[in-house]
Every structure is written in structure tokens, then in C-alpha cells.
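Heads up: the structure comes next, in C-alpha cells.
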There are 2 protein chains.
Amino acid sequence: MKRTRFDRDPCPIARATDVMGDWWTPIIMREAFLGASRFGDFVDRLDVPRATLAKRLERLVEDGLLSQTAYQDNPPRYEYRMTEKGFAFLDVLVAMWRWGSEWGWPEGRGPAVELVDPVTGNEIIPQVVDVRTGEPIDPTRLRMQLKSSAKRRTVKAAEE
Amino acid sequence: MKRTRFDRDPCPIARATDVMGDWWTPIIMREAFLGASRFGDFVDRLDVPRATLAKRLERLVEDGLLSQTAYQDNPPRYEYRMTEKGFAFLDVLVAMWRWGSEWGWPEGRGPAVELVDPVTGNEIIPQVVDVRTGEPIDPTRLRMQLKSSAKRRTVKAAEE
DNA sequence: AAAGTAAGTTCAGTATTTGAACTTACTCGA
DNA sequence: TCGAGTAAGTTCAAATACTGAACTTACTTT
């Protein structure tokens, strides 16, 4: 019996879960973003078990969030770098940051870290919005449904 | 040996990972948001193993993302409902949706589902932005650091 | 009275995670 | 040139976690 995989699921949330739902993976991506690139960088920063780390890096490379570049041949040694797909994933990490900051500590306390723009020095406060309106997502006005293109096709088929 | 927990980690991403990094949890939260409330609702919609589901619901209640309300006494039966903390988590799901939609399918294909506003009928395209500027997060201008309040205290101490 | 329902729990077999020790192929300093 | 050090894994055994199927409990319906 292996773990149920979501990589063929029609829902984008399930597909994302399949990639980043492995224990340690979001934290490994955080460190990759913060500059870790070699195996030892991750080991030094994270006390993650080496066996687990090796498996996670392998999968992240397979899934295209990290790329592997040899920096030495014998023995072969690699550097792991964020790909475009990996950078895009940052939005998820940042949404987790926001939620974790707001809800991850007991009342009255909060994290001792913050997000800043190194150019302006301003604090960055992430928020998820709708591109069309620029407004935050309203949970009471959010539905998931078959795409209108698929719907249209169905309607069209029904009309014929 | 038990799994390394991140619920005391100083990083908000780690705290979020601790809650939602369990396999099935994001998908269970998706269904809860879509209206599932009883044990059987989740079983019907998700073919999740009942034992796993029971454990996840228990932990989500413990962590305050779902609340448990008895709708019958003997035998005791509960309804699981989203709390404010659970609704806030929707931002993370929605960020996962966006990333999953864009990167979870092979080139040229995409998911057959979409997010819509049921009032206007418009598609909702989620994006993570900085509240201050309204602009998307630029991965090259994002640093995580000790909070300025902590820094200020240090600077002040140094000045004295 | 028998069958069905709802929400779990129990079970045994796999799979995964963990920490510690081991491996490989250099590189450096004495 | 010998021994120690480094880097990136791999291997191992023990502990957990996940899975699907069967079981339980206390009603409710036919």
C-alpha cells in the first residue's frame, strides 16, 4: 500500500498538494529560496535527516521546482537551484507565511521575523487578491466549477 | 522516532507546514470549504481512508481550523464546520490553486475547473500581492529577517 | 425482526520517516 | 605520503504513519 497520490487529480489544489504535501518540502523550498543550494547547506540549516533530504531534493528536481547542476565531476556533486516553477511556488510559501503569522501563535504573540523589501526596506505584507478587482478573496463568494469552456462545449453539444 | 514537528519553529511557514503538511489535510479543508461537514460527506467525496480521515479531522479540530458540534447525542455524532481560522486558511488553498493551475499540467493543457464569484459570475484569478503596493510579490525583492521591533531594541541597547 | 445508516475503531500489511553509521573520492597539511 | 577532513549521499534498523477491509455501536426504517 502506498500513499494515495494526487498527481492525476483534476483539482489544482490536489496537484499542488501532491508536490508540496510531503513533510519537509515547503521548508526545504524556503531554504532554497533563501539561498541554500548544496546538500550540505540544507543539512546545516535545517536538521532534516539526510535520507529524507535526499529523497525530497530528488523529487523536487523530478517535479521541476529545482534544477540540478554538477559543480564537480568526481565524485559527482550537484547544486540545486530554483527554477521558474520553483520561484512561482513562492506565492504559496508567502500565503503560508501570512496565515502562519496571523494564526500560528497564541493570542497576543506573533513571530519574531518579518518579510521586507531589501531595496526600500519596507515591510512586505502579503495578501491574496482577485486580479480583476484587486480585492481580497471573499470566502463567501468563491465557488469552484467546471470551466466555462467545458460548460460551453456541453451546452453546445446539448443544443445540437 | 516520530515525525519532526514544526509547531515551535519561529518561522510562520514552518508553523503553517505543521498544520497543513499532513497528507490529505489541504484536500480535506477544500471539501470542508465546499460544504462537507459530516464524516460521511468527506468519505463520499474523497475516497480517503476512514482511519486517516478521523485522525485529520481530530487534528484540525485541535488546531482550531474546524469546530465540532454535536447534532445527535446517542450515539454521539458531530458536524465539522470551518472556523474563522479555517476560513483564513483559504488564502493558502487559493494560492495553491493558482500555482497548481499554472504549473500542475503538462504544457498546453490546464485544469478543467475554475474559480468564480457566484454573485457576478466572473472568473476569479487569485494573485498574491503586497498590501502596501498592490503589486505581485517580486521574488528577487523579498527577504526574511528579524522584526524591526526586535532590531530596534538591539540598536537601542547598543546606543546606550 | 431484519436490514440499513452514520461515524467511527480495529486490524494487519506496507510504506515512510528517523538518527546514526557507513561509503566514496577527493583535498589539505605535516 | 600518510592521516585527517570534507561533501554528498547511501544503508540500516527501529518507530510511525497510511491503507483498505472488516467490525462496532446505537439508532432508524421497512
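Just so we're on the same page: letters track the sequence lines, and every chain starts at 1.
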- Query: When every nucleotide of nucleotides 7-16 of chain C is labelled 5' to 3' by its protein contacts under 4.0 Å (heavy atoms), B for base, S for sugar-phosphate only, - for none, what sequence of letters results?
  - Reply: BBBB--BSS-

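Remark: Leu60(A) CG to Leu65(A) CG distance equals 5.5 Å, nearest 0.5 Å. Taken from CZ in Arg132(B) to CD1 in Ile125(A), the straight-line distance is 7.0 Å, to the nearest 0.5 Å.
For Arg45(B), the salt bridge (Lys or Arg N to Asp or Glu O under 4.0 Å) criterion is met by Glu31(B), not counting sequence neighbours.
Here the closest non-hydrogen pair linking Thr52(A) and Trp24(A) is CG2-CD1, 3.8 Å.
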- Task: Evaluate the criterion side-chain contact (heavy atoms from CB on, under 4.5 Å) for residue pair Asn122(B) and Arg141(A); output intermediate values, then yes/no.
- Result: CA-CA 11 Å; Asn122(B) 290 330; Arg141(A) 286 176 57 178; over 6 Å; no

- Passes side-chain contact (heavy atoms from CB on, under 4.5 Å), Trp23(B) versus Asp22(A)? Steps please. CA-CA 7 Å; Trp23(B) 205 243; Asp22(A) 280 315; 4.2 Å; yes

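Remark: of the listed residues Val113(B), Ile124(B), Leu115(B), Leu115(B) is the sole one forming a side-chain contact (heavy atoms from CB on, under 4.5 Å) with Met144(A).
One atom, CG of Leu46(A), and another, C1' of dT18(C), lie 15 Å apart when rounded to the nearest Å. When the C1' atom of dT17(C) is taken as reference, atom CH2 of Trp23(B) falls 14 Å away, rounded to whole Å. Rounding to whole angstrom units, CG of residue Leu53(B) and P of dA21(D) are separated by 16 Å.
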- Note on the structure: Applying the Watson-Crick and G-U criteria (both distances under 3.5 angstrom) with [ ] for crossing and | for other-strand pairs, one obtains for DNA chain C ||||||||||||||||||||||||||||||

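In this structure, the side chains of Leu142(B) and Leu90(A) come closer than 4.5 Å at one or more pairs of heavy atoms. The shortest distance between side-chain heavy atoms of Cys11(A) and Trp97(B) falls below 4.5 Å.
OP1 or OP2 of dT17(C) has not a single side-chain nitrogen or oxygen of Thr4(B) nearer than 4.0 Å. Under 4.0 angstrom from either OP1 or OP2 of dT19(D) there lies at least one side-chain N or O belonging to Trp24(B). For dC18(D), the OP1/OP2 oxygens have no side-chain nitrogen or oxygen of Thr52(B) closer than 4.0 Å.
The hydrophobic cluster analysis finds Val119(A) isolated: no Ile, Leu, Val, Met, Phe, Trp or Tyr side chain comes under 4.5 Å of it, directly or through other members.
Scanning residues 9-18 of chain A for heavy-atom distances under 4.0 Å to DNA chain C yields an empty list. Against DNA chain D, the stretch residues 27-34 of chain A makes no heavy-atom approach under 4.0 Å.
Projected onto DNA chain C by closest heavy-atom contact, Pro49(A) and Gln72(A) fall at different nucleotides, the more 5' of which corresponds to Pro49(A).
In this structure, Arg38(B) forms a cation-pi arrangement with Tyr71(B), its terminal cationic atom sitting closer than 6.0 Å to the ring centre and no more than 45° off the ring axis.
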